[in-house]
Amino acid sequence: AAFVIGVHVRSRMYPFEATTVPDLSLQDALDCTENALAAEVPPELLTKGNIGVFIFLASPSVEVKHAFSRRFGARLRTRYAIETDRLRPEGDLDAAVDLALLASSDALVASVHSTFSYVAHSLANVRPYVVSTGRVCGRHGCRNQTAEHGGAASAEAE
């Protein structure tokens with residue numbers, strides 16, 4: 001692929017997460033991904049009709065994967081058959097594979113309050129577009145993931 005946008009959509013996997021994992025809007029995640037594509041894809045790829053531009057989606061949610069597939073079609077790459085049970089070794093291995101694939105992306109769309117997203121963008125050394133509760137959160141003009149984890153706030157707008 002010439003250009004890959006990595007997307008991590010964190011969803012609630014267990015009942016106890018109801019109070020700790022934000023309820024992110026799927027529509028906001030889709031729209032934020034569109035915004036990242038429009039802003040990040042190099043102009044020379046745009047003139048070729050986005051040939052070689054892909055979206056890698058890491059999410060435990062089949063619902064999220066289907067929604068991204070409907071919206072982005074053949075550009076989407078995701079791993080449908082993953083183990084999400086944290087008590088099984090396969091779950092850890094699948095998480096490591098998704099993390100490595102996200103960290104290899106050219107740009108990232110991340111879920112707010114997600115350590116998984118934070119590690120991916122730290123390894124990739126990119127500032128992510130962050131999907132937050134109730135709004136699409138762009139890369140600039142809002143707090144980025146680093147600020148959520150105790151780093152320097154980046155609330156500046158360009």
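None of the values given here were measured: they were computed from a predicted structure.
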Test log, rule side-chain contact (heavy atoms from CB on, under 4.5 Å), inputs I5 and F3: CA-CA 7 Å; I5 298 239; F3 192 86; 3.7 Å; yes
Okay, side chain of H121, backbone of V126: is any donor-acceptor separation there less than 3.5 Å? yes
Check: F68 and L30 side chains under 4.5 Å, non-hydrogen atoms: yes
Closest non-hydrogen atom pair, A103 against L123: CB-CB, 3.6 Å
Before giving the answer on side-chain contact (heavy atoms from CB on, under 4.5 Å), spell out for Y80 and S69 the whole-Å C-alpha distance, their side-chain angles and the decisive distance to 0.1 Å. CA-CA 11 Å; Y80 283 97; S69 180; 3.8 Å; yes
Closest heavy-atom pair and its distance - A39, Y129: CB-OH, 3.3 Å
Using 0.5 Å steps for rounding, measure from the NE2 atom of H66 to the OG1 atom of T78. 10.0 Å
Side chains of L37 and I55, heavy atoms from C-beta outward: is any pair under 4.5 Å? yes
Is any side-chain heavy atom of Y118 closer than 4.5 Å to a side-chain heavy atom of S111? no
Which atom of A107 lies closest to which atom of E40, heavy atoms considered: CB-CG, 3.9 Å
Minimal heavy-atom distance between T33 and A29, with the atoms involved, is OG1-O, 2.8 Å
Work out which heavy atom in S105 is nearest to a heavy atom in A124; give both atom names and the distance. O-CB, 4.4 Å
Flag side-chain contact, heavy atom, 4.5 Å: F56 against L102: yes
Do the non-hydrogen side-chain atoms of V119 and L99 ever get within less than 4.5 Å of each other? yes
Is the closest side-chain heavy-atom distance between E34 and R71 below 4.5 Å? yes
What residues, two or more places apart in sequence or in another chain, satisfy salt bridge (charged side-chain N to carboxylate O under 4.0 Å, His left out) together with E63? none
All salt bridge (charged side-chain N to carboxylate O under 4.0 Å, His left out) counterparts of R79, not counting sequence neighbours: D94, D98
L57, V62: one ILVMFWY side-chain cluster at the under-4.5 Å cut-off? no
For the backbone of H8 and the side chain of S59, can you confirm whether one donor and one acceptor N or O come within less than 3.5 Å of each other? no
